[in-house]
Amino acid sequence: MNDFSAAFAMAAQLVLSFDPELVEIVLLSLYVSLSSVALAALFGLPLGATIGMLRFPGRRAVIVMMNALMGLPPVVVGLVVYMLLSRAGPLGEFGLLFTPTAMIIAQFILVAPIVSALSRQVVEDLHEEYGEHLRSLDAGPLDSAATLLWDGRFRLLTAVLAGFGRAIAEVGAVLIVGGNILHHTRVMTTTIALETSKGNLALALALGMILIVLAAAVNAAASILAGVAERQHG
């Protein structure tokens, strides 16, 4: 109980004083997570729309693979990205290891399957509903995809927010490729892991509570958007 009391007191003190180190860690966490989710949306939404609309041999296997990739182990992703970006790796010459860019790449690999798989389901449902109407209008694949993505924007935004929830809570992959370097790659989750290993449970719990607040805010936004989408589409 003493740890929890100290955590609440420290969290309040850190937040109310706008502790510079805490602000830096939170801002970097948001920068890395929002960047990876934006890239995942640019990649995953068109991919999900394409798979949702088209019918081709092996489509079921592709869908199964997309769904399976949603459960990628973060430490495995971190290890693969580490090997790619290390000096001996094929991308080592770019010097990206232990930088925020490496963390964004790792989170993108984790989030993109979530966005593409969830958007595929949304677009497939809409295509079943509006496909015949689109064909009657002689809409091409690109026009149909753009129309369905726009019509399902609220539900698709919920899918993107689900990806953000995965990214902001990620620790294993970003710890491996980021290195948890102070003032450079230290984010909330890696700081929690570090402070826990040092026995500084109060600070770790304080950061954990701030992370929970952010995650709750994302879930609240997703619930609100889902309600708006339900009213929009009946």
Side-chain angles (χ1 to χ4, degrees), residues 30-74 76-77 80-81 101 103-170 173 214-234:
L30 292 174
Y31 166 71
V32 170
S33 298
L34 290 174
S35 298
S36 61
V37 170
L39 292 174
L42 288 175
F43 173 81
L45 291 178
L47 177 62
T50 301
I51 302 300
M53 290 175 47
L54 299 182
R55 299 294 182 270
F56 52 88
R59 179 175 179 273
R60 178 54 55 186
V62 172
I63 292 174
V64 171
M65 180 62 69
M66 290 173 66
N67 292 335
L69 290 176
M70 288 196 296
L72 273 174
V76 176
V77 172
V80 171
V81 175
T101 301
M103 300 159 73
I104 292 171
I105 293 172
Q107 288 196 353
F108 164 79
I109 295 174
L110 290 169
V111 173
I114 296 175
V115 176
S116 58
L118 295 179
S119 62
R120 191 275 307 168
Q121 185 62 61
V122 171
V123 171
E124 185 172 326
D125 293 342
L126 290 174
H127 190 253
E128 291 179 357
E129 186 175 355
Y130 299 118
E132 187 172 348
H133 179 64
L134 291 171
R135 286 190 292 273
S136 69
L137 297 175
D138 199 25
L142 289 178
D143 290 335
S144 297
T147 300
L148 295 178
L149 286 173
W150 174 253
D151 195 65
R153 58 192 180 281
F154 293 109
R155 280 179 278 179
L156 292 171
L157 188 54
T158 302
V160 174
L161 287 173
F164 176 76
R166 171 72 180 265
I168 195 68
E170 164 51 26
L214 287 175
V218 171
N219 288 330
S223 299
I224 293 171
L225 288 170
V228 171
E230 186 175 355
R231 288 193 294 273
Q232 289 278 334
H233 299 281

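Values below: every heavy atom of this structure, side chains too, minus hydrogens, waters and symmetry copies.
Looking at every heavy atom in both residues, Ala167 comes nearest to Gln107 through O-NE2, 3.1 Å. Taking all atoms of both residues into account, the shortest heavy-atom contact from Val115 to Ala41 is CG1-CA, 4.1 Å. Across all non-hydrogen atoms, the minimal contact from Ser36 to Phe108 is CB-N, 3.8 Å. The two residues Ala139 and Asp143 come nearest to each other via the heavy atoms CB-CB, 4.3 Å. Heavy-atom minimum distance, Leu72 versus Leu110: O-CD2, 3.7 Å. Nearest heavy-atom pair, Ser119 versus Gly48, reported as atom, atom and distance to 0.1 Å: OG-CA, 3.5 Å.
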message: Under the criterion side-chain contact (heavy atoms from CB on, under 4.5 Å), I'd like the reasoning laid out for Phe164 against Leu30: C-alpha separation, chi angles, the key distance, then a yes or no.
response: CA-CA 10 Å; Phe164 176 76; Leu30 292 174; 4.2 Å; yes
- request: Mind running side-chain contact (heavy atoms from CB on, under 4.5 Å) on Leu156 and Val160 for me, showing each step along the way?
  value: CA-CA 6 Å; Leu156 292 171; Val160 174; 5.6 Å; no
- request: Carefully, step by step, assess His127 and Leu148 under the rule side-chain contact (heavy atoms from CB on, under 4.5 Å).
  value: CA-CA 7 Å; His127 190 253; Leu148 295 178; 3.8 Å; yes
- request: In sequence, state the C-alpha distance, the side-chain angles, and the governing distance for Tyr130 and Thr147, and then conclude on side-chain contact (heavy atoms from CB on, under 4.5 Å).
  value: CA-CA 10 Å; Tyr130 299 118; Thr147 300; over 6 Å; no
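No donor-acceptor distance shorter than 3.5 angstrom exists from the side chain of Arg166 to the backbone of Gly163, with no hydrogens or angles considered.
In this structure, the separation between CG on Leu137 and CG on Leu134 is 6.5 Å, given to the nearest 0.5 Å. Taking OG of Ser144 as the reference point, atom CG of Leu149 lies at 10.5 Å (rounded to 0.5 Å). Interatomic distance, CD1 of Ile63 versus CD of Glu124, reported as 5.5 Å (0.5 Å rounding). In this structure, the separation between CG on Leu161 and CD1 on Ile168 is 12.0 Å, given to the nearest 0.5 Å. Rounding to the nearest 0.5 Å gives a distance of 6.5 Å between CD1 of Ile105 and OG1 of Thr101. Expressed to the nearest 0.5 Å, how far CE of Met103 lies from OG of Ser35 amounts to 11.0 Å.
Counting heavy atoms from C-beta outward, Arg120 and Asn67 have side chains that approach closer than 4.5 Å. When side chains are defined from C-beta on, Ser116 does not count as touching Ile51, because their heavy atoms never get closer than 4.5 Å. With contacts defined as side-chain heavy-atom distances shorter than 4.5 Å, the pair Val123/Leu126 does not qualify.
Summarising the local packing, CD of Glu132 is surrounded by 12 or fewer heavy atoms from other residues, nucleotides or ligands at distances under 6.0 Å. Atom CZ of Arg55 has more than 12 neighbouring heavy atoms from other residues, nucleotides or ligands inside a 6.0 Å radius.
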